[in-house]
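Since the structure comes first, as structure tokens, the remarks are kept for the end.
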Amino acid sequence: MAKPQSKQLVVCIENEGYSASLERRKIYVALRAPAAEKHRLLRVIDESGEDYLYPNVFFRAIALPQAIKKAVLAAA
């Protein structure tokens, strides 16, 4: 059985070239992708509901209280 991917919450700070897929100032779920990270990319579940690779400079990691993080991930 596959191990579940670790998730983190990020906020979009830039969407140049991806305005249909990403909204600035919106919180997204990012999935850990070590191979992509080596290329400065981040795997993000975007507006389509699918996960795609985007430049990591488009996002900043955010820390939320555990109860809020659980609620956001449950709603994603």
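Computation of the quantities below employed the complete heavy-atom set of this structure, encompassing side-chain atoms and omitting hydrogens, waters and symmetry-equivalent molecules. One-based numbering along the sequence shown. Remember, it's a predicted structure, so these values are computed and weren't measured experimentally.
Rounding to the nearest 0.5 angstrom, the gap separating the CD1 atom in Ile27 from the SG atom in Cys12 is 11.5 Å. With rounding to the nearest 0.5 Å, the separation of CG in Leu22 from CD in Glu16 is 12.0 Å. Atoms CZ and CG, on Phe59 and Leu41 in that order, are 10.5 Å from each other to the nearest 0.5 Å.
With Asp51 contributing its side chain and Arg43 its backbone, the two residues share no donor-acceptor pair below 3.5 Å. With Tyr54 contributing its side chain and Asn15 its backbone, the two residues share no donor-acceptor pair below 3.5 Å.
In the hydrophobic clustering of ILVMFWY residues, with side-chain heavy atoms under 4.5 Å counting as a link, Leu64 and Tyr28 come out apart. A continuous path of hydrophobic side-chain contacts links Val57 to Val44 [ILVMFWY only; heavy atoms under 4.5 Å].
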Mind running side chain to side chain contact (heavy atoms under 4.5 Å, CB included) on Leu9 and Lys69 for me, showing each step along the way? CA-CA 8 Å; Leu9 297 176; Lys69 182 178 178 180; 3.9 Å; yes
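Using a 4.5 Å heavy-atom threshold, the side chains of Tyr18 and Phe58 count as touching. For the pair Gln8 and Arg32, the minimum side-chain heavy-atom distance is 4.5 Å or more. Looking at heavy atoms from C-beta onward, Glu50 lies out of side-chain contact with Ile45 at the 4.5 angstrom threshold.
Under the side chain to side chain contact (heavy atoms under 4.5 Å, CB included) rule, Ile62 has a single partner from Val72, Val10, Val11, which is Val11.
Within 6.0 Å of NZ on Lys70 lie no more than 12 heavy atoms contributed by other residues, nucleotides or ligands.
Summarising the geometry of Asp46 relative to Ser21, their closest heavy-atom pair is CB-O, 3.3 Å, with the distance given to 0.1 Å.
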